[in-house]
Amino acid sequence: MKLRIALRELHRSERKLARELSAISARHVTEHEIRHVALDIRRWSLDHIADLADAGRRYGLKLRPEPRTDALGAGLQERLSARLGRRPEPALLLLADLRRLHRVAAGVSLDWELLAQGAQAAQDLELVDLCQRCHPQTLRQLRWANGMLKTLSPQALVS
């Protein structure tokens with residue numbers, strides 16, 4: 001059944017989203033809202049990864065329930081971010097990071113939609129329920145990234 005492919009791809013994309021959230025948090029320590037909210041909403045992706053690993057077992061998949069999602073070199077990124085402070089260059093880097101995060105979250109959202117449609121067609125009610133529980137959280141991650149872009153871009157682009 002091709003649902004295995006959709007499960008594997010969604011698991012991969014949720015891991016990528018969790019890594020992006022870790023990275024943005026580490027790179028922008030002086031932006032407290034970015035740092036703390038990114039870590040908070042990262043938890044949703046970690047939960048989704050575990051839930052997808054559990055669901056994947058029913059389809060013969062061996063997906064890691066707790067993959068490594070921390071940004072590589074997070075400590076170094078945090079120290080560099082703290083030294084750069086609120087200079088204009090980090091503001092542009094933050095916009096670039098938020099744009100990337102938005103694109104990744106949009107992809108994850110699409111993957112949840114595809115999996116939900118496939119689960120419905122296969123009449124897998126457990127998988128449909130999983131999609132209905134998790135997809136709204138991904139949409140909130142997407143809306144947060146979009147909101148931060150709208151909030152931060154005017155000053156970053158004009159100053």
Side-chain angles (χ1 to χ4, degrees), residues 6-56 61-116 119 127 129-159:
L7 279 163
R8 185 179 288 121
E9 178 58 21
L10 179 54
H11 185 264
R12 185 202 60 76
S13 63
E14 279 283 4
R15 286 183 8 214
K16 184 175 182 178
L17 180 55
R19 278 192 306 273
E20 287 294 330
L21 287 162
S22 291
I24 201 170
S25 174
R27 281 195 291 264
H28 303 284
V29 295
T30 59
E31 295 290 339
H32 298 291
E33 181 178 357
I34 297 293
R35 178 168 177 74
H36 296 293
V37 174
L39 289 176
D40 286 345
I41 64 178
R42 175 182 171 261
R43 181 75 242 163
W44 294 336
S45 287
L46 296 177
D47 292 343
H48 298 172
I49 291 165
D51 291 343
L52 287 164
D54 187 45
L61 294 172
K62 292 180 181 176
L63 304 172
R64 292 183 182 174
E66 296 180 17
R68 180 188 166 133
T69 58
D70 289 332
L72 296 175
L76 176 62
Q77 288 178 351
E78 287 176 6
R79 287 190 300 277
L80 182 59
S81 175
R83 287 196 173 190
L84 289 175
R86 298 186 182 275
R87 294 175 44 113
E89 298 86 357
L92 293 176
L93 293 174
L94 177 56
L95 289 184
D97 285 344
L98 286 167
R99 287 179 68 236
R100 185 174 36 261
L101 178 65
H102 187 275
R103 286 192 305 268
V104 171
V108 173
S109 175
L110 180 58
D111 288 345
W112 278 114
E113 288 284 352
L114 296 174
L115 184 62
L127 200 51
D129 180 58
L130 176 65
C131 294
Q132 289 174 343
R133 281 187 290 112
C134 296
H135 189 216
Q137 292 173 328
T138 300
L139 290 172
R140 288 178 65 193
Q141 291 168 318
L142 180 62
R143 283 192 301 270
W144 176 76
N146 189 54
M148 288 292 94
L149 282 164
K150 288 179 179 179
T151 300
L152 299 173
S153 62
Q155 184 173 354
L157 295 173
V158 174
S159 63

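Computed from a prediction, not measured in an experiment: that's the story for all the values here.
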S.K.: Any side-chain heavy-atom pair from I24 and L94 closer than 4.5 angstrom?
M.R.: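 Side-chain contact under 4.5 Å: yes.
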S.K.: Considering all heavy atoms of both residues, which atom of V108 and which atom of S13 are nearest to each other, and what is their separation?
M.R.: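 The answer is CG2-O, 3.4 Å.
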S.K.: Between the side chains of W112 and E14, does any donor sit under 3.5 Å from an acceptor?
M.R.: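 Yes - a donor-acceptor pair under 3.5 Å links their side chains.
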S.K.: Drop me the distance from R15's CZ to E20's CD, to the nearest 0.5 angstrom.
M.R.: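 CD of E20 is found 13.0 Å from CZ of R15.
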S.K.: To the nearest 0.5 Å, what is the distance between CG on D47 and CG on L52?
M.R.: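 Nearest 0.5 Å value for the CG-CG distance: 11.0 Å.
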S.K.: Could you measure the distance from the CG atom of L10 to the NE2 atom of H135? Nearest 0.5 Å is fine.
M.R.: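 Rounded to the nearest 0.5 Å, the CG-NE2 separation comes out at 9.5 Å.
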S.K.: What heavy-atom pair brings P136 and C131 nearest, and what distance separates the two atoms?
M.R.: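 So the two residues come closest at CD-O, 4.0 Å.
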S.K.: Hey, what do you get for NE2 (H48) to CG (L46), rounding to the nearest 0.5 Å?
M.R.: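 It is 9.5 Å, given to the nearest 0.5 Å.
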S.K.: Could you walk me through whether L130 and D54 pass side-chain contact (heavy atoms from CB on, under 4.5 Å), step by step?
M.R.: CA-CA 11 Å; L130 176 65; D54 187 45; over 6 Å; no
S.K.: Is the closest side-chain heavy-atom distance between L101 and L142 below 4.5 Å?
M.R.: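 The answer is no; the side chains never approach within 4.5 Å.
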S.K.: Before you tell me yes or no, could you show the steps for N146 and L98 under side-chain contact (heavy atoms from CB on, under 4.5 Å), namely the whole-Å CA-CA distance, both residues' side-chain angles and the distance that decides it to 0.1 Å?
M.R.: CA-CA 8 Å; N146 189 54; L98 286 167; over 6 Å; no
S.K.: Nearest heavy-atom pair of A18 and I49: which atoms, and what distance?
M.R.: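 Result for this residue pair: CB-CD1, 4.4 Å.
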S.K.: Any side-chain to backbone donor/acceptor pair from S109 onto A105? Under 3.5 Å, distance only.
M.R.: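 Checking the backbone N and O of A105 against the side chain of S109, no donor-acceptor pair under 3.5 Å is found.
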S.K.: Has R100 got more than 12 heavy atoms of other residues, nucleotides or ligands less than 6.0 Å from its CZ?
M.R.: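 Check passes, neighbour count above 12.
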S.K.: Are I34 and D97 close enough that some pair of their side-chain heavy atoms sits under 4.5 Å apart?
M.R.: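 Side chain of I34 against side chain of D97, heavy atoms only: no contact under 4.5 Å found.
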S.K.: What heavy-atom pair brings L39 and S25 nearest, and what distance separates the two atoms?
M.R.: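 Where L39 meets S25 most closely, the heavy atoms are CG-OG, 3.3 Å.
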S.K.: Between CG of D111 and CZ of R8, what distance do you get to the nearest 0.5 Å?
M.R.: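 Rounded to the nearest 0.5 Å, the CG-CZ separation comes out at 13.5 Å.
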S.K.: Going from CG on D51 to CH2 on W44, what distance comes out if it is rounded to the nearest 0.5 angstrom?
M.R.: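 Answer for the CG-CH2 pair, D51 versus W44, is 14.5 Å.
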S.K.: Quick one, Q141 and S45 - any side-chain contact, counting heavy atoms below 4.5 Å?
M.R.: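 SC-SC contact between Q141 and S45 confirmed.
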S.K.: Can you confirm whether V37 sits close enough to M148 that some side-chain heavy atom of one is under 4.5 Å from a side-chain heavy atom of the other?
M.R.: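 No, every pair of side-chain atoms sits at 4.5 Å or beyond.
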S.K.: Side chains of L21 and L17: closer than 4.5 Å at any heavy-atom pair?
M.R.: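 Heavy-atom side-chain distance check passes, below 4.5 Å.
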S.K.: Might you confirm whether atom CZ of R99 has over 12 heavy atoms from other residues, nucleotides or ligands at distances under 6.0 Å?
M.R.: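 Check fails, neighbour count at 12 or below.
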S.K.: Is a side-chain N or O of H11 found less than 3.5 angstrom from the main chain of R64, in a donor-acceptor match?
M.R.: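 Checking the backbone N and O of R64 against the side chain of H11, a donor-acceptor pair under 3.5 Å is found.
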